[in-house]
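Below: one structure, written as structure tokens.
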Number of protein chains: 2
Amino acid sequence: MKPNKETVRQRMKRFQEVCKNEGVRLTFQRITIFEAVAGSDEHPDAETIHKAVRKKMPTVSLDTVYRTLWLLHDLGLITTMGPPRERVRFDANTKPHHHFVCTRCGLARDFEHGEFDALKIPDEVKAMGNVETARVELRGVCFGCAKKG
Amino acid sequence: MKPNKETVRQRMKRFQEVCKNEGVRLTFQRITIFEAVAGSDEHPDAETIHKAVRKKMPTVSLDTVYRTLWLLHDLGLITTMGPPRERVRFDANTKPHHHFVCTRCGLARDFEHGEFDALKIPDEVKAMGNVETARVELRGVCFGCAKKG
DNA sequence: TTAGGTGCAAATTCTTTGCACCCTG
DNA sequence: CAGGGTGCAAAGAATTTGCACCTAA
């Protein structure tokens, strides 16, 4: 489930390239924070990421984590998802993908599915604007929660 | 675009029935707040709703608006959508529907589309849990924003 | 009548900002 | 070495809660 070494390596590489191209400095904080997001598939929120990076970098502040996450977001290196009533959550998977979200525990899992990437846009929507991305969000109860009753 | 009289009437009726069934009291505040959401298609946030209901009910407090909205949500009478980095927005359209969201101005428009309601759930996701709802979110730039450059 | 609902104000929670010092390029 | 980046502390915005009074059923 967790991104494998190779995936993480690719993401780090792209991160470094984009930063160089955009003239964004590669600081220890940014590298460590991006690494944390790139190595997780749990759509962590800012505070979770902060806790994780503190292990390598005990003095990093939460506000730097926020600043860095939104910077990475603006660079197109990570995306966000905001299940209502929860904190914003971050995701280093920038390939087209979709979500399964458990309405009970908040578990959010990515999945890729070519069919969903290629949905035919209804004319009604074409009349609203230019669609750039399509994301399907499937909601339900995960088996973990279902078991607990 | 705006829900027509008949739609609003139906929503109000359902609201009253559900409240009766669930033993939830029909207060002036609740009626007015639900009416405001039911009569809008703009996915207003709590503060927008507060401003709107104040016209009819100048003393209503923002916290009552919040409490009422989440109550309506828990009763299944309204749903929420949370575009990242924005406030939670509410929606009285509980029929299966999907969203077009402008990434520039935040415009969010509902659309119905049978094909999207009936998406075939991938086996991979069936292994995660029981899917209850499927919602497609199309993101792009609306024509209003595209024009402004 | 009476339990549930409301308004007020204060508390929380999450997130952002100003500023002086620091470090990458 | 210069300008972007960081940590700290404090501000801000959105949302929730405690409590005494009020009102729908």
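Heavy atoms only: backbone and side chains are in, while hydrogens, waters and symmetry mates are out.
- Two residues, B:Asp63 and B:Gly23, neighbour DNA chain C, and the one matched to the more 5' nucleotide by heavy-atom proximity is B:Gly23.
- Remark: P of D:dT16 and NE2 of B:His50 are 15 Å apart, rounded to the nearest angstrom.
- Annotation: of the two residues near DNA chain D, A:Phe28 and B:Leu62, the 5′-most nearest-nucleotide partner is A:Phe28.
- The closest side-chain heavy-atom distance from B:Leu119 to A:Leu119 is below 4.5 Å.
- Going from atom CZ of B:Arg30 over to atom P of D:dA25 covers 10 Å, rounded to whole Å.
- Here the C1' atom of nucleotide C:dG4 and the CD atom of B:Glu22 are 15 Å apart, to the nearest Å.
- The separation between B:His73 atom NE2 and D:dT16 atom P is 12 Å, rounded to whole Å.
- The side chain of B:Thr27 places no N or O atom within less than 4.0 Å of a non-bridging phosphate oxygen (OP1 or OP2) of D:dA24.
- When every heavy atom of B:His98 is checked against every heavy atom of B:His113, the shortest pair comes out as NE2-O, 3.9 Å.
- For B:Gln29, no side-chain nitrogen or oxygen approaches OP1 or OP2 of D:dA24 to under 4.0 Å.
- In this model, the phosphate group of D:dT6 is not approached by any side-chain N or O of A:Arg25 to a distance below 4.0 Å at OP1 or OP2.
- Rounded to a whole Å, the CD atom of A:Glu47 is 8 Å from the C1' atom of C:dC14.
- For the pair A:His43 and A:Asp110, the minimum side-chain heavy-atom distance is below 4.5 Å.
- Per the geometry, CG belonging to A:Leu75 stands 14 Å off C1' belonging to D:dG5, to the nearest Å.
- Residue-to-nucleotide proximity on DNA chain D shows that, of B:Val24 and B:Ala46, the 5′-proximal contact is made by B:Ala46.
- Of the side-chain N and O atoms in B:Trp70, none sit less than 4.0 angstrom from OP1 or OP2 of D:dT15.
- Following rounding to the nearest Å, A:Phe90 (CZ) and C:dC14 (C1') show an atom-to-atom distance of 11 Å.
- For the pair A:Leu26 CG and C:dC23 C1', the interatomic distance rounds to 13 Å; values are reported in whole Å.
- An OP1 or OP2 oxygen of D:dG5 is reached within less than 4.0 angstrom by no side-chain nitrogen or oxygen of A:Arg67.
- Closest approach of A:Met57 and A:Phe28 over heavy atoms only: SD-CD2, 3.6 Å.
- For the pair A:Thr103 and A:Val141, the minimum side-chain heavy-atom distance is below 4.5 Å.
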